[in-house]
Each structure stands twice: as structure tokens, then as C-alpha cells.
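All of these numbers come straight from a predicted model, not from anything done at the bench. Proteins get letters first, then strands, A, B, ... in listed order; numbering begins at 1 in each.
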Amino acid sequence: MKMNQEWKKHGIELRPGMRIKGKWHKKSYVIKRKLGSGAIGAVYLCELNGKQAALKISDKGTSMTVEVNVLKSLKKVQGNRLGPYLLDVDDWISPHGTIYSFYVMEYLRGETMTSFINHHGREWIGVFMLQLLEDLERLHHSGWVFGDLKTENLLILHSPPRIRWVDVGGTTQIGRAIKEYTEFYDRGYWGLGSRRAEPSYDLFAFVMVFLHVYYPKRFEKSIQSEKTIFKKIDDVKSLSPYSYLLKKAILGKYQSSYQMKQELIDVLYRVQNRRRSKNKKKRKNTAPFIVEAGGITILAVSYYLFSLLL
Amino acid sequence: MKKGTLKQILLITDGCSNKGEDPAATAALANQQGITVNVIGILDDDQTEDPQGLEEVEEIALSGGGVSQLVYKQSLSQTVQMVTKQAMTQTLQGFVNKELKQILGSNQSLEDLEPEKRGEIMEVVEDMGETCDLEVLVLVDTSASMHDKLPTVKEALIDLSISLNARIGRNRFCIFNFPGKRKDIQKVFDWSPKLDEVSTIFPELTSGGITPTGPAIRGAMYQFGKNYLRSFKDEDEPGMEEAWN
Ligand SMILES: Nc1ncnc2c1ncn2[C@@H]1O[C@H](COP(=O)(O)OP(=O)(O)OP(=O)(O)O)[C@@H](O)[C@H]1O
């Protein structure tokens, strides 16, 4: 839906050391380095009074305003932060006189989920599934759907590992048309549902996020979408404890993320118990791994129980 | 604010017009009638992003008050949607800007407002984009060179209808191709809320090198009047069409 060529054509490059001073609020940010760029603009690491932040700048004022509106709405959702915290919104007049819109947000430093899981083991899948479902639950509860949920829009922050959303530009009010999506994650593209913003829309994309970890090059659509995706799920051993859930989400059978989360918790308990009993039988050869895997699962479940108390 | 119907022509072509009036002029005329003209120029895989013969694409959209984009076949789906939605926002923002000028004085526009106010206004624009009714007339160039692109065009149009039908507002689509057999344009698919039955469209291609884009836009323009009487007649108050003018 968004075109990357556009940015190249009209884009600006900010150099490290440059000062960006806001037209309205007069705050002055020092550019450190580029963090990335996308269809709408470019994101830079910047500094204000010695504090780091991320600054997104673009000549597409309208799209920027829409994103800012989403970030503001997310600010109102209680609990853990959904998306980066919004710090400032302003305009910048370049030396050539062109007006750019920018906004400043919390800088999130982390790694991609794929690299995290590759480094730290598949036990983390269950943890991140739980965290993501919990965040989605709160988002849905407040009347929004994430929309463009994809691996690239998620980051894993360290100590403790916590999944966070980076780009919330696709967030759409429930009942409306999804604002922004990426084909691989879009149930409409696969012919498995509409593009109306419903919790089940995000849950479909949720499954594709975890598939993408194991199929970094993604995979092609076929006429029998459902069969293709199911086969891809079955082919990944690490996803087997969750395959029943994932398939249900693909078919749009969950009305809410709460429902899916409850079933995930059941699975996590079951996995843990099975590992325990297996553990008793053949403790000698496999014990270390099982203890580790079981431990992480306990961690996940207790993390969840703990978050209920907050 | 009253609800209105947005009208768009979506021209899909891969070359330059070579017959009849200047398409930019007819696009300007259409724009005067409250119809936005969007243009998508399809590039061949071996073409650069700055090809000859497609300069016209931008000109037509500019005078038609719409959006244009050159694109390779592979990203057609995304582009069709982006162009359509962007044009909707642009049109609605135009209305809002007009109203703003009335309220705030002649030299105020959205960009002159502070970011907070802008946010509130964009929310209104988004609401309108979600709820307004939309009519899209797709005008497909079916000259010989388009042959291998038509299956992709068809897929992109079905995908467009999936996206737009997720909106709260109602939609009407129709498809015309040009040049027609004896007329400037020929109906391929009549006004309908969905495009998913388009399996049999684009039957035969017109051979030969004629691309009468100007006359085609003119022909397309007249299809809106006809459609208006038929398509939403039961549900809407009379005169609603004027709401935006
Ligand atoms: N708050 C942040 N903290 C750290 N990095 C960030 C932050 N926001 C964005 N980035 C980085 O900048 C990149 C581009 O930002 P973003 O995705 O918001 O741009 P976009 O124009 O919306 O692109 P897309 O096409 O992915 O939607 C991101 O992929 C991410 O790596």
C-alpha cells in the first residue's frame, strides 16, 4: 500500500550533528544516526538534553498526523506501554524552506524476534506468544486493532526480554477498514477473511509472525491457502505444541485474543507437565534441556500470573 | 458535515495517447464535474522508472485532481489501493481546507495549524474517508501491449474491492476498456458493489496502435450521471451529490 520510491524522490537526508528545531514547540534535537527508513519517512536516533530519543521525519504531513493520532490514543491505554511513548510533535523548516513534519518518541533498543529466538532458544516462543497476546488483548479491549502486525514491526527489548511494537502506523479502530497491511500477513491476501478491523484480523497476522521466524523468505500463496499454511505450521517442529491454536487462529475461530491466550496458557502448562513426567522416566540423558525448557515455561506462566496482580 | 459520494476515474495504461483530444484537458473537465482522475502507468520489466511516453500520466492526474504512480506489474495491487485511498484523502482534505478557509480566513490551511489542531482535523478527514460512499470507474487501456498485464490488472482490481468493501461507506465499481469496438470506451463490467465476479472480463483485446485516452476519459465522465440515478437511488436523499460542492 505504501511505496518506497516516493521517499527516495522527495526525501531528505539528515546528517549526524545536525540540529532540528521545532517550529512550534522550539525544542532542538541533535541528530545522532539513522535508525531506519520506511514508506512514510526516516527515523533517526537523536538527543535532547543528553537523553536519547527516536525522531521520525517526513514530508508527508497527512500520514504523519495519522500516525501521531494513533500514538496518542495508545498513550491512553492502561498498563504496559503499547508502542513507543510519544514525546513531541512539531514541524521543521529546512534551510531550503521546505516544511517537514516530525515527531519524537521513546527510543527502543532491541533485536528482532528471529535473531533473539535463534540465539536464546525456542523456549522463548511461548513467552513471546503470551506477551504479544496480552498486548493485543489490551489493544483490542480499548477498541483498536494493530493492522500491520509483522515481524519487522516488533522488537525484543532485553533484561527482561519483552516484546514491543515499533511501527504502529496501521493501527485501526475496530469495525473500520484496515489502514495498512503487508500481504504475507494479510488474511485478505490469502483469501481467508476480510480486511475489516476485527481482533481475528490481528490473530491471523500473529500466526504469520511466528511462521516468518521459521520461513525468513516467507512462502508463496497457492489456490488452497488454508492447506498451504497448515502444512507450513506442521513442518516446524518448534511450533508443534501450538499447532492446534495457530490453525484455529488462521481459520478465524477465536473471537478474542483473551480466548486464544487462555488456550495458550493451557498448552504451556501441558507442555511443562509432559516434560516433567518424561523427565522422571529418562532423567539421565535429557535432563538439562528439559529442566531448562520447563523452567522457561514456568517463567512464562508465572510472568502471566504476576502480570494479573499488577 | 453531510455525507457525500466521492467519484473517481482510475485510468490504467502503459503508454501514451495518440488519438483525439489531450487527455489532460478532458481530465480537467472531469475534475470540474467533481470527478477525480487517478492514473496508474504500468512499466515493463525492462523499463526504467523514468520512461519515455509515460510523462503524460502525471499530467493527467494533476489536471484531474488525482494521484498518479508509475509501477511495475508486481506491485500493481498495492499501488491501485494506495492511489485510490490517497486520492480520497486528498479530495476530502480539499473540502476540509475549503471549510477551514471560511472559518479561519483565506490564507489558513491545514499546514498552518499547530500539530495538535491538525490531528483533530485529520481525525475528521479519516472519519469521512471511512464512511463516505465511493464510486470508482476503472478505465483500462486494452491496446495490444497490455496483453500480458491484464491478468494482473484483474487481480489488483479484485483486491481493491476487498479493501474498499471493508469500509463502512458503500462502494460502486464499474470497468470500461478503451478503445472500444466502435465507441471510445466499452463497458466490461456494469456498476456493482463488488468486483469479485469479474472472472470473465477483458474478453478481446483491440489490436493496432490506437490509444485514444482523451476521448476515453470524456466517455467515462458521462457514465457517472447515469450511475447516480440507478445505483444509490433508494437510500439517499436527493441532492446529496451537491453536499461536497
Ligand atoms: N522508537 C523507535 N526506536 C528504535 N527504532 C525505531 C523506532 N521507530 C522506528 N525505528 C526504526 O526505524 C525503522 C523505520 O521506521 P518505521 O517502520 O516507523 O517507518 P515507516 O515509514 O512506517 O516504515 P514501514 O514501511 O516499515 O511502515 C524501523 O524499522 C525501526 O528499525
Side-chain angles (χ1 to χ4, degrees), chain A residues 1-6 8-9 22-25 39 59-73 86 88-93 98-103 145 147 172-183 186-198 201 221, chain B residues 40 43 49-50 67-72 74-86 88-90 92-94 96-97 109-127 129-131 134 155 158-169 171 194 196:
Chain A
M1 200 172 303
K2 303 184 297 176
M3 304 292 301
N4 286 316
Q5 299 98 288
E6 292 273 308
K8 278 182 215 145
K9 239 190 274 166
K23 172 185 169 189
W24 303 91
H25 305 142
D59 58 353
K60 296 194 178 63
T62 309
S63 313
M64 293 285 278
T65 307
V66 172
E67 286 191 17
V68 166
N69 278 349
V70 169
L71 287 168
K72 280 188 183 158
S73 315
L86 182 66
D88 189 17
V89 185
D90 214 324
D91 292 334
W92 178 63
I93 304 169
T98 323
I99 300 181
Y100 295 93
S101 304
F102 73 85
Y103 61 83
V145 155
T172 309
Q173 283 172 51
I174 288 182
R176 298 195 162 191
I178 292 290
K179 227 184 268 172
E180 203 176 278
Y181 62 83
T182 305
E183 281 178 350
D186 165 48
R187 66 180 185 187
Y189 167 78
W190 291 93
L192 291 169
S194 76
R195 289 195 184 120
R196 179 146 305 164
E198 302 164 333
Y201 185 91
K221 179 165 86 164
Chain B
I40 290 177
L43 298 166
E49 282 177 39
D50 233 345
V67 176
S68 70
Q69 183 73 50
L70 297 180
V71 68
Y72 294 100
Q74 300 81 289
S75 346
L76 191 64
S77 273
Q78 293 171 37
T79 308
V80 164
Q81 293 180 39
M82 183 200 68
V83 162
T84 306
K85 288 187 178 169
Q86 215 168 296
M88 285 174 77
T89 311
Q90 196 170 299
L92 293 169
Q93 227 176 323
V96 171
N97 262 338
S109 71
L110 205 51
E111 291 73 39
D112 301 317
L113 293 177
E114 52 189 296
E116 290 72 24
K117 297 240 173 65
R118 221 180 287 164
E120 287 167 31
I121 289 164
M122 263 325 286
E123 246 170 63
V124 176
V125 172
E126 278 204 293
D127 280 356
E130 178 68 33
T131 53
L134 174 69
E155 238 174 80
I158 294 173
D159 208 53
L160 174 72
S161 127
I162 297 179
S163 273
L164 292 176
N165 279 320
R167 297 185 320 126
I168 294 166
N171 306 294
K194 275 189 188 163
D196 41 16

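The candidate with the highest count of non-hydrogen atom pairs below 4.5 Å against chain A, out of B:Val80, B:Ile168, B:Leu113, B:Ile121, is B:Leu113.
To the nearest 0.5 Å, the span separating CD on B:Gln78 from OG1 on A:Thr182 amounts to 8.0 Å. For the atom pair CZ of A:Arg187 and CD1 of B:Ile162, the computed distance is 11.0 Å after rounding to the nearest 0.5 Å. The structure places CZ of B:Arg167 at 14.5 Å from CD1 of A:Ile178, a figure rounded to the nearest 0.5 Å. B:Gln93 contributes atom CD, which lies 4.0 Å from atom OG1 of A:Thr62 (distance to the nearest 0.5 angstrom).
Heavy atoms closer than 4.5 Å to chain A are found nowhere in B:Gln90, neither backbone nor side chain. For A:Val68, no part sits under 4.5 Å from any heavy atom of chain B, backbone or side chain. Residue contact with chain A, scored on non-hydrogen atoms closer than 4.5 Å, involves the backbone and the side chain of B:Glu123 alike. Looking at A:Ser63, there are no atoms closer than 4.5 Å to chain B (heavy atoms on both sides), in backbone or side chain.
For the salt bridge (charged side-chain N to carboxylate O under 4.0 Å, His left out) test, residues two or more places apart in sequence or in another chain that qualify with B:Asp159 are A:Arg195. Here B:Glu114 pairs with B:Lys117 under the salt bridge (charged side-chain N to carboxylate O under 4.0 Å, His left out) rule; sequence neighbours left out.
For A:Ser101 against B:Arg118, the heavy-atom pair with the smallest separation is OG-NH1, 4.0 Å. B:Ser163 and A:Ala177 make their closest contact through O-CB, 4.1 Å (heavy atoms, listed as atom of the first residue, atom of the second, distance).
A salt bridge between B:Glu126 and A:Lys179 is present, with a side-chain N of the basic residue lying under 4.0 Å from a carboxylate O of the acidic one.
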